[in-house]
Asker: 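Got a structure for you, written out below as structure tokens; questions coming shortly.
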Amino acid sequence: MDYIQPIYEFRDKIRNVHLKDAKFYAEKYNDVGMFANPLEYHSPKLPGLGDIEWGKVMSALTDIKFQGSALIEVEDRSFEDTQEDILNAVKLSRNYMSQFLA
């Protein structure tokens, strides 16, 4: 899916963005098909650990002069076991996204 074009299309409606990523598994998608539960063919990941091209996303957001808030979502099974894992996930996400955010 094109996740860049909607940024331009809905530029006047975007007030905040959620920073989360996803890893898409084409081989699983081919096995289960488009009507399967999405978690059967993708996994939520921290920003920078999935397939989202964040440079393109942030470029589009700067093109539309986005001034809203950006919220990090900790939705990655690799970082959900303990409070320490969750805090580490926030730090990793912040560090990765800091290359794009002021």
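Keep in mind that this is a model prediction, so the values were computed, not measured. Residues: numbered from 1 along the sequence shown. All values below were derived from every heavy atom in this structure, side-chain atoms included, with hydrogens, water molecules and symmetry-related copies excluded.
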Asker: Between V74 and E80, what is the shortest heavy-atom contact and its length?
Answerer: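 Taking V74 first and E80 second, the nearest heavy atoms are O-OE2, 4.2 Å.
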
Asker: Look only at the side chain of N16 and the backbone of G68, and say whether a donor-acceptor pair between them is shorter than 3.5 Å.
Answerer: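 No; zero donor-acceptor contacts below 3.5 Å.
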
Asker: According to a 4.5 Å side-chain heavy-atom criterion applied to Ile, Leu, Val, Met, Phe, Trp and Tyr, with indirect links allowed, do V32 and M34 form part of one hydrophobic cluster?
Answerer: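 Looking at the clustering, M34 is in the same group as V32.
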
Asker: If two hydrophobic side chains count as joined below 4.5 Å and joins carry through other members, does L19 share a cluster with F79?
Answerer: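 No, because L19 and F79 fall into different hydrophobic clusters, even though each may have its own neighbours under 4.5 Å.
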
Asker: So which atom in K20 and which in W54 form the shortest heavy-atom distance, rounded to 0.1 Å?
Answerer: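 Here K20 and W54 meet closest at O-CZ2, 3.1 Å.
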
Asker: Taking Y3 for its side chain and E53 for its backbone only, find out whether a donor-acceptor pair lies under 3.5 Å.
Answerer: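 It does hold such a pair.
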
Asker: Are any non-hydrogen side-chain atoms of L46 and Y96 less than 4.5 angstrom apart?
Answerer: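 With C-beta onward as the side chain, the pair stays apart.
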
Asker: Grab the two heavy atoms, one from P44 and one from R77, that are nearest each other, plus how far apart they are.
Answerer: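 That closest heavy-atom pairing would be CD-NH1, 4.2 Å.
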
Asker: With clusters defined by side-chain heavy atoms of hydrophobic residues (ILVMFWY) lying less than 4.5 Å apart, directly or transitively, does V17 cluster with Y8?
Answerer: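 Both belong to a single hydrophobic cluster.
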
Asker: To the closest 0.5 Å, what do you measure between OH (Y25) and CG (N30)?
Answerer: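 Answer for the OH-CG pair, Y25 versus N30, is 15.0 Å.
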
Asker: Check whether any side-chain heavy atom of S93 lies under 4.5 Å from a side-chain heavy atom of E73, and answer yes or no.
Answerer: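 SC-SC contact between S93 and E73 ruled out.
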
Asker: Mind checking whether L87 and L92 sit in one hydrophobic cluster, side chains of I, L, V, M, F, W, Y counted as touching below 4.5 Å?
Answerer: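 Hydrophobic grouping puts L87 apart from L92.
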
Asker: If you measure from CD1 on I14 to CD1 on I64, what distance do you get to the nearest 0.5 Å?
Answerer: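 Going from the CD1 atom of I14 to the CD1 atom of I64 covers 4.0 Å.
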
Asker: Measure from the side-chain N and O atoms of D85 to the backbone N and O of T82, and report whether any donor-acceptor pair falls under 3.5 Å.
Answerer: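 It does hold such a pair.
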
Asker: Taking only residues two or more places apart in sequence or in another chain, which ones pass side chain to side chain donor-acceptor pair (under 3.5 Å) with K91?
Answerer: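 With sequence neighbours excluded, K91 shows a side chain to side chain donor-acceptor pair (under 3.5 Å) to no residue whatsoever.
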
Asker: side-chain contact (heavy atoms from CB on, under 4.5 Å) with I4: which of L61, V57, D63?
Answerer: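 When side-chain contact (heavy atoms from CB on, under 4.5 Å) is applied between I4 and each of L61, V57, D63, only V57 qualifies.
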
Asker: Hydrophobic clusters here meaning ILVMFWY residues chained together by side-chain heavy-atom distances under 4.5 Å, can you tell me if F35 and Y41 are in one?
Answerer: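 Yes, because F35 and Y41 connect within a single hydrophobic cluster, where side-chain heavy atoms sit under 4.5 Å apart.
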
Asker: Is there a donor-acceptor contact under 3.5 Å from the side chain of D21 to the main chain of I52?
Answerer: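 At least one qualifying donor-acceptor pair exists.
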
Asker: Spell out, as yes or no, whether a donor-acceptor pair under 3.5 Å connects the side chain of S59 to the backbone of G55.
Answerer: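 Answer holds: no.
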
Asker: For the NZ atom of K13 and the CD1 atom of I7, what is their distance to the nearest 0.5 Å?
Answerer: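 Answer rounded to 0.5 Å: 15.5 Å.
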
Asker: Can you name the closest pair of heavy atoms from D51 and K23 and give their distance?
Answerer: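 Heavy-atom minimum between the residues: OD1-NZ, 3.3 Å.
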
Asker: Is it the case that over 12 heavy atoms from other parts of the model lie below 6.0 angstrom from the CD atom of Q5?
Answerer: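 Count over threshold, so yes.
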
Asker: Can you label the angle between the F24 ring and the Y29 ring as parallel, tilted or perpendicular, going by 30° and 60°?
Answerer: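 Ring orientation, 0 to 90° scale: tilted.
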
Asker: For the residue pair P47 and M97, what are the closest heavy atoms and their distance?
Answerer: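 Heavy-atom minimum between the residues: CB-SD, 3.7 Å.
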
Asker: Kindly write out the residues that satisfy salt bridge (Lys or Arg N to Asp or Glu O under 4.0 Å) with E27, not counting sequence neighbours, or none if the list is empty.
Answerer: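 Expected list: none.
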
